[in-house]
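Let me begin by presenting the structure, written as structure tokens, before commenting on it.
Each chain gets a letter, A, B and so on, in the order the sequences are listed, and its residues count up from 1.
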Amino acid sequence: MGKKEVIVTVGLKEGISDPEGKNVKKALSLLGFKEVEEVKILKSYKITINENKCKDIDEKVKAMAEGLLTNPVVHDYEISW
Amino acid sequence: MGKKEVIVTVGLKEGISDPEGKNVKKALSLLGFKEVEEVKILKSYKITINENKCKDIDEKVKAMAEGLLTNPVVHDYEISW
Amino acid sequence: MSDVAEINLEVSDFELKKISEETGIGLSVDELKVVQEYFQKKGRKPTDIELQALGQAWSEHCCYKSSKYYLKKYLFHLKAPQNINVIKEDAGIIEFDKDHAYAVALESHNHPSAIEPYGGAATGIGGILRDVVCMGAQPIALIDPIFFALPTTKSSVIPKSVKHPKFIFSGVVDGIRDYGNRVGIPTIAGMTCFHSGYLGNCLVNVGCVGIVNKKDIIYSKVGNVSDYFVLAGGGTGRDGIHGVTFASKELDDDSATASRSAVQVGDPITKEPLIHACLEANEKKLLTGMKDLGGGGLSCVVGEMALAAGFGAKVQLENVHLKEKDLKPWEIWVSESQERMMMSVREEHLKEVLKIFEKWDVPAVIIGQVIPEKRMELTWKGDKIYDMDLEFVTTGPSYKRPIRPVRINNEHNNYSEPENYEVMIKTIINSLNCASKDWVIRQYDFEVRARTISSSLVGHINNETHADAAVIKPLESSQRGLVFTSDVNPNTVAIDPFWGSAGAVDECVRNIVATGARPHSFADCLNFGNPEKPDKMWEFSQAVQGLAHVAGKIGATFVSGNVSLYNEGPAGACPPTPTILGIGIIDDVDDIITVPFKKEGNLVYLVGKTRDEMAGSVYFNLRSLEGGKVPKVNPYELANASAGLLELANMNKISSCHDISEGGLILALAEMCIGNGIGASIHIKDLLRGDISLFSESNTRWICEVESKDSDAFESNLQAHCTSFALIGTTGGTSLSITHNKRKLADLPISELIKEWQAPLWEIMG
Amino acid sequence: MKPEDINICILRIEGTNNEQEMYDAFKRLGTKPHLVHLNELSSLKPYQCLMIPGGFSAGDYIRAGTIFASRIKSNFMDELNNFIKEGYAVGGICNGFQVLVELGLLPGNPKGNGTITACLSRNDSARFECRHSILKHVSSKKCVFTSLLPQNEQLIVPSAHAEGKFLLSGGKKAYEKLEKNGQIIFKYVNYKGETNAPYPWNPNGSPYNIAGICNKRGNVFGMMPHPERSFFSKNEHGYSGKILFESVVKYIGGTF
Ligand SMILES: Nc1ncnc2c1ncn2[C@@H]1O[C@H](COP(=O)(O)OP(=O)(O)O)[C@@H](O)[C@H]1O
Ligand SMILES: [Mg+2]
């Protein structure tokens with residue numbers, strides 16, 4: 001067994017406004033990129049896990065995502081491998 | 001023609017230190033997730049483009065990435081569709 | 001010893017040049033020959049780590065080889081009674097009150113910021129904080145004078161490899177914000193200046209002031225033989241390698257990619273506990289010396305600390321904690337990784353010191369010891385890899401480089417008065433260098449620590465105007481305050497470096513006096529072009545003399561500073577920019593004077609003489625006019641006027657005060673109206689033409705608001721101080737109206753002024 | 001309890017950086033504040049009040065206050081719940097408010113099971129903003145931190161944050177309930193005192209201009225602006241940020 005890389009991607013829930021995305025959109029349009037209609041920001045945590053120390057990776061990563069990486073009021077998240 | 005969604009994912013280059021990742025790792029390990037060996041942070045911009053206003057999307061997105069979203073000195077980026 | 005290589009210097013000049021380039025040490029052939037001779041005497045070849053250490057120590061950045069001749073000749077001998085320990089250390093130490101002193105440091109982080117604005121600016125803040133902390137002082141204020149090409153520059157005129165100034169500007173502000181706010185030190189003052197000459201070579205100057213109990217002041221020198229060197233803070237990595245040699249040359253097209261390793265990354269969350277831990281260990285009297293790791297990293301700090309006490313050092317390099325594996329010894333020795341501090345500790349205190357760092361979760365390791373001879377010896381896993389005399393390493397070359405004076409053109413063609421004064425006034429108020437900087441200011445936490453008495457923004461909430469200087473009350477137990485301003489006008493320095501630089505000091509004094517405080521100390525950051533070019537060297541030498549012309553005659557001198565040369569990018573040299581940080585002192589912070597008009601029906605006075613000195617003015621720039629005279633400074637006039645105004649301030653005879661600088665009389669009046677929404681009717685009578693009267697940027701001038709009952713006291717006091725003044729109007733109404741020699745020039749509603757003045761940066765930066 | 005017997009725990013970790021001003025505020029009132037690093041905290045027993053100061057705890061990476069909150073959770077959550085149950089006071093300013101929200105203690109739910117029901121999310125302007133705010137005391141309920149401040153009185157208090165937009169799960173109903181419970185303590189207003197004043201009066205875009213709230217019982221309180229930074233800056237009726245600290249000291253003095 002060795003190391004595993006898991007990516008937790010966090011985004012804002014549908015309906016929660018994304019001021020940072022709006023800001024980037026504005027900045028792009030000030031730079032002349034008028035074709036941009038919307039920008040949304042996602043943040044990913046690429047986590048390297050030592051499998052020897054960990055039994056149930058799925059469970060663990062879910063716990064990290066829910067315990068620390070997201071706030072359920074505003075965030076959705078996805079785990080990918 | 002209509003709208004197209006492009007995702008630009010930005011991360012720090014190999015060898016550039018990532019205090020945010022380092023601090024997230026520390027937080028996870030203080031929370032008891034001792035199996036985490038490393039955390040890296042990626043940021044993605046999900047950009048919706050109006051294709052009618054834009055000829056060469058590829059080119060444009062590259063220009064956005066290099067003009068505003070990243071600094072090639074420290075960042076790597078990837079464009080995905 | 002495969003980790004260390006020997007280097008053969010017994011080669012041709014051509015080969016020597018190649019060695020310098022390939023190793024990145026940045027030494028000239030002549031300098032390498034001195035090294036060659038030294039090792040010939042030793043009878044062996046230098047190692048790569050020895051050569052790298054010399055490259056650091058002899059860089060422009062570390063040894064001031066081009067500048068120290070002028071600095072010593074003109075600036076360093078100036079004296080003031082309040083100075084405790086100045087020029088010599090990372091920060092100048094000046095008396096605050098009987099028991100306390102304050103520490104002042106000002107530095108540039110130009111090259112790193114041009115390459116990577118966010119990280120470069122952030123680590124600039126980190127570095128300047130360390131300079132103050134290593135004196136044992138608690139940082140209380142950050143100051144950020146920053147200079148960019150216009151964010152409105154068209155992409156088509158920007159050379160390839162140069163980033164858009166807008167990107168640089170917002171990256172720099174982000175970096176300062178994220179670092180300063182996270183460590184919890186208020187960024188309280190600064191300046192934001194735009195000039196096309198900064199294209200490709202922005203300037204990021206950062207200043208810090210700290211407060212220290214006199215008994216806790218600690219210096220950058222070890223205590224005694226056999227003291228231990230303790231290195232604390234973040235791990236050492238490859239970031240920032242060759243930062244100083246990189247700062248000591250021009251930027252070119254390849255700099256961006258070739259200098260990646262010079263990029264530094266800030267980690268404020270390691271820094272914040274590092275500050276606490278260092279100050280705690282120092283207050284408990286457990287340290288004999290402390291110094292931060294800045295330019296040159298370990299290679300500079302260990303030797304300097306040891307030699308300052310007349311000793312040497314022995315270091316076991318493998319003890320240094322690393323953040324990445326496989327660093328070569330020389331890389332460890334010269335790395336400029338951030339958030340590190342060096343302390344010297346007596347054996348009996350080692351344990352306790354290490355315990356304090358453990359409590360704060362900050363790594364700290366013992367890396368070496370003080371030895372009696374003035375020598376530096378390094379070992380790597382038992383092998384000796386470095387053995388040089390410290391005096392040889394740290395003395396470094398010194399040059400009196402050739403200069404070539406540039407002719408200054410004082411002539412100008414006739415030009416007409418503006419057709420429409422109202423339009424001209426609005427154009428000035430709305431121009432980027434005059435308009436509100438609140439887009440920048442508000443991103444910084446200027447209130448943290450709860451000791452901010454007055455920030456850069458004063459007046460009604462959300463309609464504030466610019467303050468002349470920010471005020472902090474450093475101590476819980478005392479009403480005494482420190483006042484901060486930073487100034488320089490590159491437009492005038494570029495035309496006439498002597499008078500332009502003198503003007504920068506004058507402006508600092510004006511801003512401090514306008515706040516009701518007395519000037520107490522200055523720091524300078526001298527940003528110039530390539531010193532190997534005689535015209536650039538001339539600009540430098542003129543500037544230093546200009547600074548000296550004023551400083552020292554008004555009770556305050558230069559206490560610390562920094563020289564940054566080679567500020568040239570693919571688009572040419574930046575304008576010569578001697579940034580001045582001025583610090584004032586006020587006995588009771590409740591007595592400060594602020595800019596906005598306070599009450600309707602008060603009198604408005606103009607203090608000082610307006611002259612036909614239009615060169616470098618905003619007005620000339622906007623009209624693309626050239627020539628004319630740069631504003632001069634008479635230091636005795638400045639001293640007299642300052643003394644008079646401060647006496648009046650003490651007697652509470654001034655309701656509001658603002659100095660006149662960029663934008664001239666008209667901008668100063670507009671800013672005073674904006675803060676509290678109180679207008680004024682101004683009637684100027686003089687022998688000048690209207691535009692000169694309103695838009696000249698002559699030095700040593702203020703506008704004062706005075707209650708009519710105080711007018712006699714006001715006038716007689718200024719007369720007693722041989723200071724000229726004129727009653728020019730009264731406050732009141734909702735507009736700023738101007739007549740000049742009975743001719744009505746403008747009547748502008750305050751609401752319109754506010755709009756013109758507030759909008760520009762927000763519109764451009766979003 | 002006399003003020004000099006009141007012990008206040010000002011909790012910090014790396015990056016909390018408003019602790020000294022919090023300390024000074026309580027010290028000026030004659031109480032005994034203590035700066036305690038989370039690593040050194042063994043028990044809450046000696047204290048009658050827990051304050052979580054502002055700053056950027058652990059860099060505010062991930063989300064403001066989250067890392068601090070999860071470290072509290074894994075170290076002494078049960079003890080903290082008991083502390084609150086016994087009626088002791090808990091306050092969070094700025095980052096501290098964010099921590100209390102991430103702990104599920106504010107606004108708190110009836111079950112008291114620590115479910116997170118709110119978030120202090122990114123300001124509408126998407127940036128850190130430092131500016132003075134005018135706050136109106138809108139609650140009639142006696143929150144232990146504002147009991148001495150009359151209803152509808154206004155304070156001028158500096159705001160300085162990037163994540164201060166108070167979002168509540170459950171939408172409009174949830175806000176109305178909070179209002180009805182008297183849990184909304186401060187709202188951002190303009191010079192006219194209007195509670196619907198837009199940006200920049202409301203610096204972050206909080207719905208209903210919410211600036212500070214408390215739990216149902218009134219002994220857990222959080223606000224975004226910084227009363228410790230306006231300890232001395234009085235409004236026309238002589239009130240300043242000081243009143244919040246006086247209120248909680250009086251509460252503790254009278255209760256324990
Ligand atoms: N980058 C900055 N950071 C902090 N404060 C700034 C910055 N730029 C400008 N300011 C503040 O804005 C005010 C106006 O700046 P400036 O026009 O340079 O003032 P002055 O002409 O009086 O020297 C000053 O109080 C200054 O401290
Ligand atoms: Mg001024």
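- In this structure the side chain of D:Ile62 reaches within 4.5 angstrom of the side chain of D:Ile67, judged on heavy atoms.
- Looking at D:Ala58, only its backbone comes within 4.5 Å of chain C, counting heavy atoms on both sides.
- In this structure, the side chains of D:Ile243 and D:Phe145 stay at 4.5 Å or more apart for every pair of heavy atoms.
- With a 4.5 angstrom heavy-atom cutoff, D:Pro158 touches chain C only via side-chain atoms.
- When heavy atoms are compared at a cutoff of 4.5 Å, C:Val183 approaches chain D solely by way of its backbone atoms N, CA, C and O.
- In this structure, the side-chain contact (heavy atoms from CB on, under 4.5 Å) partners of D:Thr31, at least two apart in sequence or on a different chain, are D:Pro3, D:Ile6, D:Ile8, D:Phe26, D:Pro33, D:Val249.
- Counting only heavy atoms from C-beta outward, the side chains of C:Leu142 and C:Pro186 never approach each other to under 4.5 Å.
- A 4.5 Å side-chain heavy-atom check between D:Leu100 and D:Phe221 finds every atom pair outside the cut-off.
- Most heavy-atom pairs under 4.5 Å with chain C, from the set D:Gly59, D:Ala25, D:Cys94: that is D:Gly59.
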Heavy-atom donor-acceptor pairs under 3.5 Å, chain D with chain C:
unit_1: D:Gly15; atom_1: N; unit_2: C:Glu272; atom_2: OE1; d: 2.8
unit_1: D:Asn17; atom_1: ND2; unit_2: C:Asn181; atom_2: O; d: 3.4
unit_1: D:Asn17; atom_1: ND2; unit_2: C:Arg182; atom_2: O; d: 3.0
unit_1: D:Glu21; atom_1: OE2; unit_2: C:Arg449; atom_2: N; d: 2.7
unit_1: D:Asp24; atom_1: OD2; unit_2: C:Arg451; atom_2: NH2; d: 3.0
unit_1: D:Arg28; atom_1: NE; unit_2: C:Glu476; atom_2: OE2; d: 2.7
unit_1: D:Arg28; atom_1: NH2; unit_2: C:Glu476; atom_2: OE1; d: 2.8
unit_1: D:Arg28; atom_1: NH2; unit_2: C:Glu476; atom_2: OE2; d: 3.4
unit_1: D:Asn39; atom_1: ND2; unit_2: C:Asp361; atom_2: OD2; d: 3.3
unit_1: D:Gly59; atom_1: O; unit_2: C:Arg182; atom_2: NE; d: 2.7
unit_1: D:Gly59; atom_1: O; unit_2: C:Arg182; atom_2: NH2; d: 3.0
unit_1: D:Arg127; atom_1: NH2; unit_2: C:Gly766; atom_2: O; d: 2.6
unit_1: D:Cys130; atom_1: N; unit_2: C:Arg442; atom_2: O; d: 2.8
unit_1: D:Cys130; atom_1: O; unit_2: C:Arg442; atom_2: NH1; d: 3.4
unit_1: D:Arg131; atom_1: NH1; unit_2: C:Asn462; atom_2: OD1; d: 2.6
unit_1: D:His132; atom_1: NE2; unit_2: C:Glu447; atom_2: OE2; d: 2.6
unit_1: D:Tyr191; atom_1: OH; unit_2: C:Ile461; atom_2: N; d: 3.0
unit_1: D:Arg229; atom_1: NH1; unit_2: C:Asp445; atom_2: OD1; d: 2.9
unit_1: D:Arg229; atom_1: NH1; unit_2: C:Asp445; atom_2: OD2; d: 3.3
unit_1: D:Arg229; atom_1: NH2; unit_2: C:Asp445; atom_2: OD2; d: 3.1

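- D:Val101 meets the side-chain contact (heavy atoms from CB on, under 4.5 Å) test with D:Phe97, D:Leu106, D:Ala118, D:Leu120, D:Phe166; sequence neighbours excluded.
- Side-chain polar atoms of D:Asn152 and D:His137 form no donor-acceptor pair below 3.5 angstrom.
- With sequence neighbours excluded, the residues satisfying side-chain contact (heavy atoms from CB on, under 4.5 Å) with D:Leu44 are D:Leu41, D:Tyr47, D:Leu50, D:Phe76, D:Glu79, D:Leu80, D:Phe83.
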